Each structure stands twice: as C-alpha cells, then as structure tokens.
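Here the structure is a predicted model, which is why all the values come from computation and not from measurement.
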Amino acid sequence: MSETQRETMEYDVVIVGAGPAGLSAAIRLKQLDSDLEVVVLEKGSEVGAHILSGAVLDPCGLDALIPDWKEKGAPLNTPVKDDNFYMLGEAGQIRVPNFPMPPLMNNHGNYIVSMGNVCRWMAEQAEELGVEIFPGMACSELVYDGDVVKGVVAGEFGRNPDGTEGPGYEPGMELHGKYVFISEGVRGSLAKELINKYELSQGHEPQKFGLGMKEIWEIDPAKHKEGSVTHTMGWPLGKNAGGGSFIYHLENNQVYVGFVVHLNYKNPHLFPYMEFQRFKHHPIVKDLLEGGKRVAYGARAISEGGYQSMPKMTVPGAALLGCSVGMVNVPRIKGNHNAMLSGKAAAEAAYEALQAGRSSDELTAYEDEVRSGAIGKDLKKVRNVKPLWSKYGLTASLALGGMDMWTNTFGFSLLGTLGHGKTDAEATEEASKHKPIDYPKPDGKISFDRLTNVSFAATNHEESQPCHLKLADPELPVRENLPKFDGPSARYCPAGVYEFIGEGDDKRFQINFQNCVHCKTCDIKDPAQNINWTTPQGGDGPNYPNM
C-alpha cells in the first residue's frame, strides 16, 4: 500500500473496468437494490474508448440482464444473415460446408455489433439506475487491509518520468468497497497482481492468448452484404502459427476485417501484424476492399485458455470478472456473452452477501455459478479445441476438435480434459532454430505500415509521465533477447512500441510507449517475461470510435 495520503470514498461495491462484465455487474446490483452505492472506474477517456472486439454477439447475456434491451434501444442493429467458412491457400480457397459443424457454431440469432457502442449504451442504462461511472480514472494500485482487498487507488496524475511527484501532482483517491470487482479485460495489471499474490492459478492450466488485430473499412456499396459473417483459416499463417480471420459486414457499408494470431507460436521471426497485412492481399479479401478506405485500426490480446485455464476467481474482498478470468469460447470466437453473465453472477453473489450482513469475504457462490452454470457449460463443451490445435496443428485439430465438440454436445467426451502445457512465452524458441520470414512491403492501399495504422487508433499518452511498460532488467533485451530470439518485441507488438537502435556496442532498446494501444501482447509473449504492462495515466491510450 502506498504511503501517499489520499482522500477516501466508501462504496458497497467498487468495479474496475467499464467493459461488458463490469457494467453488467453494476446494472445487476442496482436492479437488485437501488440503494446500493456502486461505482465503476474506467481508464479510457470515455466508456468504450478501450473496447475492441470482433464482434458477433450472442445476446444471451443481454437477455438475462436486460430482457427488454430491444425496446430500450440497444445497438444490436445487424442480425447475422449468413455464415461462411473458408480454408485459404495463397491464391484460392475451399468453402467448408456448415452442416458438419456442431450446433454451437451456428450464428443464427446473433448480431454483428460494435462492443464499444454496446458498452456506451450499457453505461447509459447503469447511470439511469444510479451507478456512478468515472472515465479517465486509471486504477494504479490495490489497497489491502492485511490479506483483504479493501479498494483501489484511482486518478493519480502528474508524476515525472522518473516516478517522482511533479509540480502538478495529483495523488488520486482511495475508493473502498465492501467488495471490489476486477473487470479490466485480458491481462489487466490488478488482476495479474491478485493472481500472483494469492496463487490463483495453482491447480489450473496456464492461460493461453491470441493477438487480435482489427480494421474498420468503408467499402463499395455494391460489394457490401449486410449481416454476412466470414471466417477463414490457413494462409498466410500455415504451419507458422495458429489463428485465422474474420470479416463481418455491419450497417452503413462498413466491414470489420480482423486477424487473430495465437501467441504460442515458436518462430520468433513471426511478425503477426505483417501476417494480417499480407492476409488482406488474398484475392477474396483484396477484391472486397479495393475501392474502399480503412477508417480505424486497433489490437488487443484475447484469452484463449478456456475452461481448464480459468484461475480461482475470488479472494477476500475481491472477485475477478470476465476476461480477467478468461471466458472466451475459442471456436465460436465469442466471450462477451460470458463476460456479461459473469458480471450478473458476481452482482447476485455480492447482493446476497450484503443482505446477510457480510462484507470483504470470498464470494464463493460467484465462482460456483461460473463453473457449474451457463458459462462453465459453454466453455466445457469446447475445452479441447485449443490444446488439440496447439499439439496437432490445424488440419488434425479440425477433425478431432469437431468430433470432441459433437460428443460434448451429447454430454460426454472421449478425450477428457486436455492440458495446455507451456505458457505462450515459454513456447518461443531461439531464432537459430527457425528461418527468417520475408514479408512484402505494404502497398499503402490495402496494406499499411504499423505507424500509419496506429494513427487510426487515435492513441495518445502524455509524454512527461513515467513509461508504463516496466522492464525488470533494462539490459536484458540487448543482452539476451536480441542474440537469442532476434529481438521479437520489435515484431510481436502490433503498435511499433519496441525497437532496437544503433549498431554494435551502441545497440540499445527503445520503448515508444506513446504508441501503445494497451493490447498487453508484450506482457504475455516476452520470452523472459521481462516486460510488465502497468496502467498509464487515466484517459491515455487508444480512443476507439466504434470497435
């Protein structure tokens, strides 16, 4: 706990993160008891500014939380009309028919949405119920009372680059809660602290991750097919990495074009961002985008470990929600519905505890509901898809994973529950074991260099603050990562934050933290786990319009 003296505010429940999980928890708490004091703290400049998702939304989470969401104007405007799945080669593609796929893969009844706009709408619903929402309030510390999580520190501004207090320093406030919900999204800094401090991953498989990159395009109206959903696998990744793409046609002649690279790839020469740019030159994608324009870009890590990687979710006084736990159904490429359901479950557990006169204990009823209820059932059916893919590659995993999903649909599995083994950082092999990959230069029309694209994320960080990307050993990148792994941070970051400058003995590692889009890939993939992502000042980072 910091020695800095701060003002304090007391609440029944303090919620960190205005994503689908945190906002669902806030809404449900006020539905249950309008007198509860509930606050949501959001590090983005506004609700939705840091939200990036595919997204095809399964509305079951909204159905459970706000059954009349249609009447209340929720921005679910584009129902899915058709599903397409392709295996790509370099110049051609094979359409995979829908009929062999398990029912859970069907997108009928789902909607193509901007999750940023969905969260903005949810924030309006929460505020109408009396929830206090403070954007631009990054939560930089947890506050403890012994082993109990008591609250958070939020709104600290004005430190100098060396960490000392600057002339305009504002210490922020301590916000205390009878319960604290951590819903920061994937690999949040406070969730990471709790998982390590309380050893919450003990007895569970390591979490696995993917890097999702996304562009919004405005295309020729003649090519637009509102409600069309396309997923691809295969080229250009091939055997270099797992992953695939999505192309979603939403309203207003706009298309979401996204690419996911699983971060357990071995070859440190792999350049995920350039794989995305190369993908757009496949004929079926290039033909769609030609004559259009890209209007936004962003990137974010995705939790992919699934059922067996969910850590223990509760500690005294606090609970982890949504992607802080990891609730993405990997083959469906969906997690927002589970995030909403987790927020609802956490709220109901906290309400019951408060009604019983309890506070600051472990909300075990919440974890029981997540593991045995709708979320656990959703994730358990697909729990072996990711480890099969990692172990046997794309083709074999499609057959085995499909079979396993079918058997789980009928209530049993021939494979049990498979493990993941290594972390994504441990999966990285030395550069000497792999050939470098030659990537074509972006053409500036369909494909773009990183720094040009990052400008379309509207990311900004006050340069006078301390760098929020902390190195445990500042010399390690040049001493070890460069000779052993060919400096993979210069490639795995989708925003060009990291680079090696100079020659010979003058070689140095530079961090351009102003470019950071808060994807957390560096915190996940660095081979030595030398980079620790922490929160910058509130309001800094990307400003996504409708991701």
Summary of ring-ring contact (aromatic ring centres under 6.0 Å, His included) pairs that have at least one residue in residues 293-335, sequence neighbours excluded:
Tyr273-Tyr297
ring-ring contact (aromatic ring centres under 6.0 Å, His included) contacts touching residues 12-36 (sequence neighbours left out):
none
Salt-bridged, [X] to [Y], with N to O below 4.0 Å?
X      : Y      : result
Glu362 : Lys312 : yes
Lys43  : Glu184 : no
Glu348 : Lys344 : yes
Asp82  : Lys225 : no
Lys334 : Asp58  : no

Who passes side chain to side chain donor-acceptor pair (under 3.5 Å) against Asp368, sequence neighbours left out?
none
So do the side chains of [X] and [Y] get within less than 4.5 Å of each other, counting heavy atoms only?
X      : Y      : result
Lys208 : Leu263 : no
Lys293 : Val295 : yes
Leu29  : Phe181 : yes
His262 : Lys386 : yes
Leu200 : Val315 : yes
Pro20  : Met115 : yes
Leu62  : Tyr111 : no
Asn532 : Lys192 : yes

For [X] versus [Y], what's the shortest heavy-atom pair and its separation?
X      : Y      : answer
Tyr179 : Leu354 : CE1-CD2, 3.9 Å
Leu211 : Ala299 : CD1-CB, 4.3 Å
Ala26  : Val40  : CB-CG2, 3.7 Å
Gly496 : Cys493 : N-SG, 3.6 Å
Thr521 : Pro494 : OG1-CD, 4.4 Å
Leu65  : Arg28  : CD1-CB, 3.9 Å

Do other residues, nucleotides or ligands put more than 12 heavy atoms under 6.0 Å from Lys470 NZ?
yes
Around atom CD of Glu71, are there more than 12 heavy atoms from other residues, nucleotides or ligands closer than 6.0 Å?
yes
Lys197 to Tyr144 six-membered ring, cation-pi geometry met (6.0 Å, 45°):
yes
Checking Ala301 now: which residues fulfil side-chain contact (heavy atoms from CB on, under 4.5 Å) with it, not counting sequence neighbours?
Val186, Ile524
Residue pair Asp378, His337: steps toward the side-chain hydrogen bond (donor to acceptor under 3.5 Å, both in side chains) verdict
CA-CA 10 Å; Asp378 182 49; His337 63 298; 3.1 Å; yes
Residues Asn117 and Arg120: side-chain donor-acceptor under 3.5 angstrom
yes
Of Asn77, Leu57, Leu76, Val80, which meets side-chain contact (heavy atoms from CB on, under 4.5 Å) against Ile112?
Val80
Would you mind telling me which of Lys214, Glu304, Met213 makes a side-chain contact (heavy atoms from CB on, under 4.5 Å) with Val260?
Glu304
As an exercise, state the distance from CG of Leu36 to CG of Leu129, rounded to the nearest 0.5 Å.
11.5 Å
If you measure from CD on Glu46 to SG on Cys119, what distance do you get to the nearest 0.5 Å?
11.5 Å
What do the steps show when you test Asn110 against Arg332 for side-chain contact (heavy atoms from CB on, under 4.5 Å), and what is the final call?
CA-CA 11 Å; Asn110 298 332; Arg332 295 186 74 201; 3.9 Å; yes
Side-chain polar contacts of residues 454-461 - donor-acceptor pairs under 3.5 angstrom, sequence neighbours left out - could you list them?
{"residue": "Ser455", "atom": "OG", "partner": "Thr452", "partner atom": "O", "Å": "2.5"}
{"residue": "Thr459", "atom": "OG1", "partner": "Cys516", "partner atom": "O", "Å": "2.8"}
{"residue": "Thr459", "atom": "OG1", "partner": "Gly541", "partner atom": "O", "Å": "3.4"}
{"residue": "His461", "atom": "ND1", "partner": "Phe513", "partner atom": "O", "Å": "3.4"}
{"residue": "His461", "atom": "ND1", "partner": "Gln514", "partner atom": "O", "Å": "3.1"}
{"residue": "His461", "atom": "NE2", "partner": "His518", "partner atom": "NE2", "Å": "3.0"}

Take Thr8 and Leu175 through the side-chain contact (heavy atoms from CB on, under 4.5 Å) test and state the conclusion after the steps.
CA-CA 6 Å; Thr8 64; Leu175 293 100; over 6 Å; no
All ring-ring contact (aromatic ring centres under 6.0 Å, His included) counterparts of Phe246, not counting sequence neighbours:
Tyr248
